[in-house]
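Contents: one structure, followed by commentary.
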Amino acid sequence: MTEEITYVRGDATAPRGRGPRVIAHVCNDRGGWGKGFVLALSRRWPEPERAYRDWHRARASNDFALGALQLVQVDRPFWVANMIGRHGTRRGGTGVPVRYEAIDEALHRLAPEALRLGATVHMPRIGCGLAGGHWDLVEPLIRERLTQRGVGVTVYDVE
C-alpha cells in the first residue's frame, strides 16, 4: 500500500495526527548540534541532543557514520529520528554538506522502524536547509524508502 507525502504549513516538532509519530531530521557526522531545526527540537525535548552527542562521543564503538539512524523516544507517542546525512557543517570548497546517499540509507533504515512502531513520519524539508540540498533530489528518496513501503509522511514548511 503506497502512502502519499502530505505537505502542510506548521511546526514539525508538533506533528499532527494520531498514534505514534516519528520526527525525522538530518544531522551532521561531526558531532555538531546547534543550528537550524535541531534548535527547535532541543527547545521541546533534551533527549535527542543528549542521545546524539553520546552517540557521537562513543562513535569508535558504535554505528555513528553517514547513513546511520538513531531513534530516540521523547514522549509518548513521539520519537525523534537522528539521521546522519551531512558531511561536516559548512559549505566550502568541497561543496554543500548534504549527502544524498546517506539520507537514502538512513531513510531505508527508518522504514522498518516506523512500520514496527505503527508510526507516521514527520519532517521539515530534510537536507535542504543548512545542508544545502535540493528538495527535488530528496523527495524521491522519501517516496522510494518510506511512502512506497506504506509509511505515511508529512512535510512541514514553516509558517
Side-chain angles (χ1 to χ4, degrees), residues 5 7-17 20-111 113-114 117 119-139 141-142 145-146 151 153-159:
I5 297 175
Y7 291 89
V8 299
R9 291 207 170 279
D11 179 0
T13 68
R16 300 174 186 181
R21 282 157 273 169
V22 175
I23 301 164
H25 72 109
V26 170
C27 303
N28 66 70
D29 63 354
R30 299 284 168 85
W33 182 289
K35 289 185 179 178
F37 183 70
V38 296
L39 295 178
L41 281 174
S42 290
R43 277 194 294 276
R44 194 169 290 269
W45 303 287
E47 297 92 347
E49 178 180 1
R50 188 176 323 118
Y52 170 80
R53 290 189 186 280
D54 290 346
W55 189 28
H56 177 261
R57 206 172 359 266
R59 67 190 176 280
S61 60
N62 65 35
D63 67 343
F64 186 95
L66 285 169
L69 168 74
Q70 180 188 52
L71 269 182
V72 181
Q73 187 165 18
V74 291
D75 197 4
R76 186 176 256 168
F78 300 127
W79 296 77
V80 171
N82 291 333
M83 302 186 304
I84 310 299
R86 291 176 53 191
H87 178 61
T89 58
R90 302 180 193 274
R91 299 176 189 202
T94 58
V96 294
V98 69
R99 294 296 181 267
Y100 298 107
E101 313 78 37
I103 292 173
D104 185 49
E105 178 60 29
L107 291 169
H108 175 71
R109 292 175 182 198
L110 177 57
E113 296 299 324
L117 294 168
T120 52
V121 174
H122 302 258
M123 64 181 69
R125 290 186 186 238
I126 59 170
C128 297
L130 295 173
H134 296 282
W135 188 247
D136 60 337
L137 298 176
V138 174
E139 184 187 50
L141 303 176
I142 294 166
R145 296 302 188 181
L146 297 177
V151 178
V153 174
T154 302
V155 174
Y156 294 75
D157 289 313
V158 246
E159 295 186 86

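The figures that follow rest on heavy atoms only: side chains count, while hydrogens, waters and symmetry mates do not.
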Can you name the closest pair of heavy atoms from Val151 and Ala114 and give their distance? CG1-CB, 4.0 Å

Non-neighbouring partners of Phe64 that pass ring pair (Phe, Tyr, Trp, His ring centres under 6.0 Å), sequence neighbours left out: Tyr52, Trp55, His56

Is there a side-chain contact between Val72 and Phe78 in this structure, where contact means two heavy atoms from C-beta onward sitting under 4.5 Å apart? no

Main-chain N/O of Gly85 paired with Asn28 side-chain donor or acceptor, under 3.5 Å: no

Positive for side chain to side chain contact (heavy atoms under 4.5 Å, CB included) with Leu146, one of Val153, Ile5, Leu141: Val153

Set of salt bridge (charged side-chain N to carboxylate O under 4.0 Å, His left out) partners for Arg53, sequence neighbours left out: Glu49

Counterpart residues, salt bridge (charged side-chain N to carboxylate O under 4.0 Å, His left out), relative to Glu113 (two or more places apart): Arg116

Backbone of Leu39 reached by a side-chain donor or acceptor of Ser42 within 3.5 Å: no

A side-chain contact here means heavy atoms from C-beta on lying under 4.5 Å apart; do Ile84 and Arg99 qualify? no

For Pro97 and Ala131, work out which heavy atoms get closest and say how close. CD-O, 3.2 Å

Just to verify, what does Arg57 make a salt bridge (charged side-chain N to carboxylate O under 4.0 Å, His left out) with, not counting sequence neighbours? Asp54

For Ala81, check side-chain contact (heavy atoms from CB on, under 4.5 Å) against everything at least two apart and list the hits. Val22, Ala24, Leu69, Leu71, Met83, Leu110

Of all heavy-atom pairs linking Pro48 and Val80, the shortest is CG-CG2, 3.7 Å

Taking salt bridge (Lys or Arg N to Asp or Glu O under 4.0 Å) as the cut-off, I'd like each qualifying pair that reaches into residues 69-78, sequence neighbours left out, listed once. none

Using side-chain heavy atoms (C-beta onward) and a distance below 4.5 Å, is Val26 in contact with Phe37? no

Residues that Val38 engages under side-chain contact (heavy atoms from CB on, under 4.5 Å), provided they are two or more places apart: His25, Trp33

From Cys128 atom SG to Leu137 atom CG, the distance as rounded to the nearest 0.5 Å: 8.0 Å

According to side-chain hydrogen bond (donor to acceptor under 3.5 Å, both in side chains), who are the partners of His122, at least two apart in sequence or on a separate chain? Thr120, Tyr156

Any salt bridge (Lys or Arg N to Asp or Glu O under 4.0 Å) involving residues 29-45? Give me the pairs, sequence neighbours left out, ordered by first then second residue. Asp11-Arg44

As an exercise, state the distance from CD1 of Ile103 to CG of Leu66, rounded to the nearest 0.5 Å. 10.0 Å

What residues form a salt bridge (charged side-chain N to carboxylate O under 4.0 Å, His left out) with Arg125, not counting sequence neighbours? Asp157

Using the rule given for side-chain contact (heavy atoms from CB on, under 4.5 Å), can you reason through Trp79 versus Leu117, listing the C-alpha separation, both sets of side-chain angles and the distance that settles it, and then say yes or no? CA-CA 10 Å; Trp79 296 77; Leu117 294 168; 3.8 Å; yes

What heavy-atom pair brings Asn82 and Cys27 nearest, and what distance separates the two atoms? CB-SG, 3.8 Å

Under 3.5 Å donor-acceptor, Arg21 side chain and Pro15 backbone: yes

Going from OG1 on Thr13 to CE on Met123, what distance comes out if it is rounded to the nearest 0.5 angstrom? 14.5 Å

Not counting sequence neighbours, which residues clear side-chain hydrogen bond (donor to acceptor under 3.5 Å, both in side chains) with His108? List them please. Arg145, Arg149

Can you tell me if Tyr100 uses its side chain to pair, donor with acceptor, with the backbone of His134 under 3.5 Å? yes

Report the C-alpha separation of Leu107 and Ile142 in whole Å, then their side-chain angles, then the decisive distance to 0.1 Å, and conclude whether the side-chain contact (heavy atoms from CB on, under 4.5 Å) test is met. CA-CA 7 Å; Leu107 291 169; Ile142 294 166; 3.9 Å; yes

By side-chain hydrogen bond (donor to acceptor under 3.5 Å, both in side chains), which residues pair with Glu139, not counting sequence neighbours? Tyr7, Arg143

Would you mind reporting whether Arg109 and Asp63 have side-chain heavy atoms less than 4.5 Å apart? yes

